[in-house]
There are 2 protein chains.
Amino acid sequence: MKNEKISMKDIAEMSGVSIATVSRVINQNGRFSSETEQRVMSIIEKYDFRPNELARGLRANKAQAVGVIVPDITNEFFACVVREIEIELLKKGYMAIVCDTNEAMDLEKKYIAMLKSLQVGGIIYIAGDTNVKCIENIPTVYVDREPMMIEDMMASTFIGSDNYQGGYIATRRLIDAGKKEIVLVLHKKSLTTQKRRLDGYKQAIRDAGMKFNENLIIKVENVDMDHGYEVTKKIFESELNPDGIFYSADILAIGGMRYLNKMKIAIPEQVSIIGFDDIPLSSQITPALTTVKQSYTEFGHLASESIVKMMNGDADYRKYILSVQLVERETV
Amino acid sequence: MKNEKISMKDIAEMSGVSIATVSRVINQNGRFSSETEQRVMSIIEKYDFRPNELARGLRANKAQAVGVIVPDITNEFFACVVREIEIELLKKGYMAIVCDTNEAMDLEKKYIAMLKSLQVGGIIYIAGDTNVKCIENIPTVYVDREPMMIEDMMASTFIGSDNYQGGYIATRRLIDAGKKEIVLVLHKKSLTTQKRRLDGYKQAIRDAGMKFNENLIIKVENVDMDHGYEVTKKIFESELNPDGIFYSADILAIGGMRYLNKMKIAIPEQVSIIGFDDIPLSSQITPALTTVKQSYTEFGHLASESIVKMMNGDADYRKYILSVQLVERETV
DNA sequence: GTGAAAGCGCTAACAT
DNA sequence: ATGTTAGCGCTTTCAC
């Protein structure tokens, strides 16, 4: 009940060895006899002792932790990526410190500062914007959203999907379904992800011999279900009359479908819908959402792998562009 | 580019004062002239210096951080609670360290150990189970899921919803809609939340002069959409023939609705559905889910408030039982 | 194989 | 108003 906090010094005294030896045993740094090891270990277990990570970190000049910056933890896609990262990092002996910025740039800055003062060894950064300068003096892996590399370009790692390909196959699918007026709903922020998807869209349109129409590209302020609903309402209340909509995120599509359902617009007969991400939810709604799958498992796995390498000085500076697949369900 | 890490010692040298003075300025502990303050501050800003939290924490014998343990970050309800907590804690100058345990008890133990060795000042604990012993020697706020208090009972705080009331009004609503065979889908784990909702259900049934039927209580292994689907399938493939289902979580209900839609079972004409939580998603699907609302905002707010009080020795040992409301939408 | 001791960056008690 | 210094718990050189 009242275990006063125990330190290595206490363990040392109780085992009748010096604190240096205790340290060696704990870190398995050799130079101790196996009898000593046994004795020390048994005391450690008896008191359930774990070394103070603050002191360790101070000594090592960095914590056994990595910061993870996420723009929106309530978006199932990011939540899944984060879970994956946490699990992987834990396996490797690191603690993940997750910071949800709610897409606010000022919070992002604040969290980066705090993470630095916490002396995290690295940062996994799912940026809220692309005008971010690279984080300085600390290993960083950029995930999903690629920052404008100002300088430092070669000293960083990026993990993202093939968004161009994603934009292309989604649009192509809609064209193949005979759709003629295809709206693309994009996130307003200047994200490379959005730009690439647009490029893919354009190319698919051109390849089909159709004419690219600027007015069919609609930007949305925020990526959530409400904005998906509102933008769709706006579209149908305008002079546009699309027979296909490609949303840049599943949750936008889900919000949009609510509007279509409400207005009794048949999916996919009147309007086909296609999303992006393939969050677990997308297979659950009715009709189930056709979408472009990004693998959050791979994102998380690669990100943790990569940041740990970097922290060990094992530079891993490159871009990983993961391929993307069309998941056919019921909305096209 | 190559700013070597700067410490208070460097700041002190550059400002021509002692490191103690720098410390006083930073912490606004008084006993320095305003000229000194200006000079020191300007250097600090120039170098964007922030004190090493590891060293601070070591000195203070605890970090300016609180651990947050969550059973499932991909569940929108918990994600929303976490967001709220993070924001509130940041305002108060604390860092949140979020640990997603994915409903695994062993991970939970591991994370608690890690948080302790990180010397967090407190823990906000949304337990995965109820058989948890209280966390020892560290201020803890239990949220949503109440642990069996072994000892230590009076030295802890709990924040939860009025689950009995929630169970009652949901069931009552179904009864009022004329439903006769009402299934209750519960989480299998021994959670007090589940038990209370069951109690509310029973009471409502009895109050209506109906007979409680044990067979109508179905337990589910895990709370996610897939389990919602599967359990609903199982129900309709059994000899049961419910005209109302009360799911103990919105995401279960959403999975269940997929099955009903697939089988062309009309909601709410043939079967009425009611959920629990009121996650943002529930208002977005078609038909929109009738549910019992728990306020994640209040959860998060109270939890952060309370843990900070406790860490300041300002004991706040009590139970907060938040009231709950029926949100009428389209599935009843 | 083991121990003594320095020092990581900071705060606070004690001088002045 | 400011400086000196001990010490938080740990790792790691350097002696033996």
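Naming convention: chains lettered A, B, ... in sequence-line order (proteins, then strands); numbering from 1 in each chain.
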What is the separation between atom [atom1] on [X] and atom [atom2] on [N], rounded to the nearest whole Å?
{"X": "Ile26(B)", "N": "dG9(C)", "atom1": "CD1", "atom2": "P", "value": "14 Å"}
{"X": "Asp10(B)", "N": "dC8(C)", "atom1": "CG", "atom2": "P", "value": "11 Å"}
{"X": "Glu13(B)", "N": "dC10(C)", "atom1": "CD", "atom2": "C1'", "value": "15 Å"}
{"X": "Leu118(A)", "N": "dG9(C)", "atom1": "CG", "atom2": "C1'", "value": "14 Å"}
{"X": "Arg24(B)", "N": "dT4(D)", "atom1": "CZ", "atom2": "C1'", "value": "10 Å"}
{"X": "Gln28(B)", "N": "dA12(C)", "atom1": "CD", "atom2": "P", "value": "14 Å"}
{"X": "Lys62(A)", "N": "dG7(C)", "atom1": "NZ", "atom2": "P", "value": "22 Å"}

Practice problem: Report the nucleotide, chosen from dA1(D), dT2(C), dG3(D), that has the shortest atom-to-atom distance to any side-chain atom of Ser18(B). | Solution: dG3(D)
Quiz item: The side chain of Ser33(A) lies closest to which of these nucleotides: dA12(C), dT2(C), dA1(D)?
Solution: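 Given the options dA12(C), dT2(C), dA1(D), the side chain of Ser33(A) is closest to dT2(C).
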Quiz item: Are Arg145(B) and Tyr142(B) in a cation-pi setup, meaning NZ or CZ lies under 6.0 angstrom from the ring centre and within 45 degrees of the ring axis?
Solution: no
Quiz prompt | Presence of Thr21(B) side-chain N/O under 4.0 Å of dG3(D) phosphate oxygens OP1/OP2 | solution = yes
Quiz item: Quick one: on DNA chain D, does Val17(B) or Ala20(A) contact a more 5' nucleotide (nearest heavy atom)?
Solution: Val17(B)
Nucleotide N/O to protein N/O under 3.5 Å, stretch nucleotides 8-10 of chain D:
{"from": "dG9(D)", "atom 1": "N2", "to": "Ala55(A)", "atom 2": "O", "distance (Å)": "3.3"}
{"from": "dC10(D)", "atom 1": "OP1", "to": "Asn52(A)", "atom 2": "N", "distance (Å)": "2.9"}
{"from": "dC10(D)", "atom 1": "OP2", "to": "Met8(A)", "atom 2": "N", "distance (Å)": "2.5"}

Quiz item: Taking 4.0 angstrom as the limit, do Arg83(A) and Asp72(B) come out as a salt bridge?
Solution: yes
Quiz item: Should we say atom CD of Glu35(A) is surrounded by more than 12 heavy atoms from elsewhere, each under 6.0 Å from it?
Solution: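 Open: at most 12 neighbouring heavy atoms sit under 6.0 Å from CD of Glu35(A).
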Quiz item: Counting heavy atoms not belonging to Lys92(A), are there more than 12 under 6.0 Å from its NZ?
Solution: yes
Quiz item: If you take atom types as modelled and just measure distance, does the side chain of Arg31(B) reach the base of dG3(D) with a donor-acceptor pair under 3.5 Å?
Solution: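 Side chain to base: no pair present.
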Quiz item: Who passes side-chain hydrogen bond (donor to acceptor under 3.5 Å, both in side chains) against Ser15(B), sequence neighbours left out?
Solution: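 Ser15(B) satisfies side-chain hydrogen bond (donor to acceptor under 3.5 Å, both in side chains) with no other residue.
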Quiz item: Are the side chain of Lys116(B) and the backbone N or O of Arg50(A) linked by a donor-acceptor pair below 3.5 Å?
Solution: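 Side chain of Lys116(B) to backbone of Arg50(A), a donor-acceptor pair under 3.5 Å: no, none is there.
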Exercise. Using the six-membered ring wherever Trp is involved, compare the ring planes of Phe77(A) and Tyr296(A) and label them parallel, tilted or perpendicular (cut-offs 30° and 60°).
Key: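 It falls in the perpendicular class, over 60°.
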